[in-house]
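Quick notes on the structure that follows.
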2 protein chains.
Amino acid sequence: MSVVRRRMTKQRSVIYDILCADYTHPTAEVIYGKTQKVLPNISLGTVYRNLNLLAEDGMIKKLDLGDDKVHFDADISSHSHFICEQCGKIIDIDVDTNDLKQLENDLATKNKLIVHSAALVFRGICDECVCKS
Amino acid sequence: MSVVRRRMTKQRSVIYDILCADYTHPTAEVIYGKTQKVLPNISLGTVYRNLNLLAEDGMIKKLDLGDDKVHFDADISSHSHFICEQCGKIIDIDVDTNDLKQLENDLATKNKLIVHSAALVFRGICDECVCKS
DNA sequence: TTACGTGCAAAATCTTTGCCCCTGA
DNA sequence: TCAGGGGCAAAGATTTTGCACGTAA
């Protein structure tokens, strides 16, 4: 409703910067660890709080990828993910946006509903793990 | 590796039957509630244990849909889901399997990896909630 | 008979929150 | 100045697990 007055604190900007420089889709715990190297006194609660605020403001994305932790991504563009079931690595996938948009439109038309977003998650074995086996 | 010798106990079969008759993609907690009506002494731990065993045996599917609870589905066919952000309802979606298979194949070929599965989750407002507003 | 399964409760995980002091604008 | 923010620890929520007893095959 009303715009929340939000300060850009040291903590929040460090968290954001760290996430922007990290392409591994880290969890809050991992981000906490990295943040501590810059701000030794920061607390885990603060990390969670700020990640949620950043997500709320649309600056980052929360990713639910099927393990029980939430992952975070500073890349807010529309893209899909591939998760390696062996090493756990998460890879960004550029699915042709048109294909997905097409699916969304069909769905909306057929069922008379409104689609806000579509998340596509692939699971399997990544190239590195395939080579190893 | 070796096939685990698994008994079909009263508890497990009741849980399975309940899930087969439920098309709402219930959580463990909800299934627990329904199971208690048949087996009043069953415990939540047993429900979790059996749901995980059934999933392990491929008789049911675990669904990670973005809220923090795991949902279960006795429909193990390949299909997608739509979640209403207003009422929380989960609807099965029959996306054209060919489209998704096509995406999987492209992905596998381009990146030299193996795709085991693809999960597609749409979010938005369902037809009923659209009408209400 | 006997290994697998269950009930119960405690524990483990991940995330949120209350409280009081601190600080950015 | 002073409302939003942080640190800390406790609380919540969901899921797993250890243990002793029960039961299917």
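Not measured: the values here are computed from a predicted model. As a basis for the values below, the full set of heavy atoms in this structure was taken, side chains included, without hydrogen atoms, waters or symmetry mates. First the proteins, then the strands, lettered A, B, ... as listed; each starts at 1.
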How many Å lie between [atom1] on [X] and [atom2] on [N], as a whole number?
X     : N      : atom1 : atom2 : answer
A/L51 : D/dG5  : CG    : C1'   : 15 Å
B/R6  : D/dA25 : CZ    : C1'   : 16 Å
A/D67 : C/dA12 : CG    : P     : 21 Å
B/L65 : D/dT14 : CG    : P     : 15 Å
A/H71 : C/dT13 : NE2   : C1'   : 14 Å
A/Y32 : D/dG6  : OH    : P     : 14 Å
B/R49 : D/dT17 : CZ    : C1'   : 8 Å
A/Q11 : D/dG6  : CD    : C1'   : 6 Å

Between the side chain of B/R12 and the main-chain N/O of B/R7, is any donor-acceptor distance below 3.5 Å?
-> yes

A/D22 (side chain) donor-acceptor with A/I18 (main chain) under 3.5 angstrom = no

Can you check side chain to side chain contact (heavy atoms under 4.5 Å, CB included) on A/L63 and A/V70, steps first, answer last?
-> CA-CA 6 Å; A/L63 305 178; A/V70 177; 5.9 Å; no

Do you see a donor-acceptor pair shorter than 3.5 Å between the side chains of A/Q102 and A/D106?
-> yes

Estimated bend of the helix from C/dT1-D/dA25 to C/dA25-D/dT1 (axis per five terminal pairs, rounded to 10 degrees) = 40°

Which nucleotide in the set [options] lies at the smallest distance from any side-chain heavy atom of [X]?
X     : options               : result
B/K62 : C/dA25, D/dG7, D/dT16 : D/dT16
B/R7  : D/dT23, C/dG7, C/dA25 : D/dT23
B/R12 : C/dG5, D/dT15, D/dG7  : C/dG5
A/Y48 : C/dG5, C/dC14, D/dT14 : C/dC14
B/N50 : C/dT6, D/dG5, C/dA3   : C/dT6

With side chains defined as the heavy atoms from C-beta onward, is the minimum distance between B/I76 and B/M59 less than 4.5 Å?
-> no

Could you check if a side-chain atom of A/T24 sits within less than 4.5 angstrom of a side-chain atom of A/H71, using non-hydrogen atoms only?
-> no

Answer yes when A/K61 and A/D75 have at least one side-chain N-carboxylate O distance shorter than 4.0 Å, and no when they do not.
-> no

Just checking A/L44: base, sugar-phosphate only, or nothing, at a heavy-atom cut-off of under 4.0 Å?
-> base

So, is [X] close to the [N] phosphate, meaning a side-chain N or O under 4.0 Å from OP1 or OP2?
X     : N      : value
B/N52 : D/dT16 : yes
B/N41 : C/dT6  : no
B/T46 : C/dT6  : no

Could you say whether B/A28 or B/T9 is positioned toward the 5' end of DNA chain D, judged by the nucleotide with the nearest heavy atom to each?
-> B/A28

With under 30° as parallel and over 60° as perpendicular, where do the rings of A/H25 and A/H81 fit, or are they tilted in between?
-> perpendicular

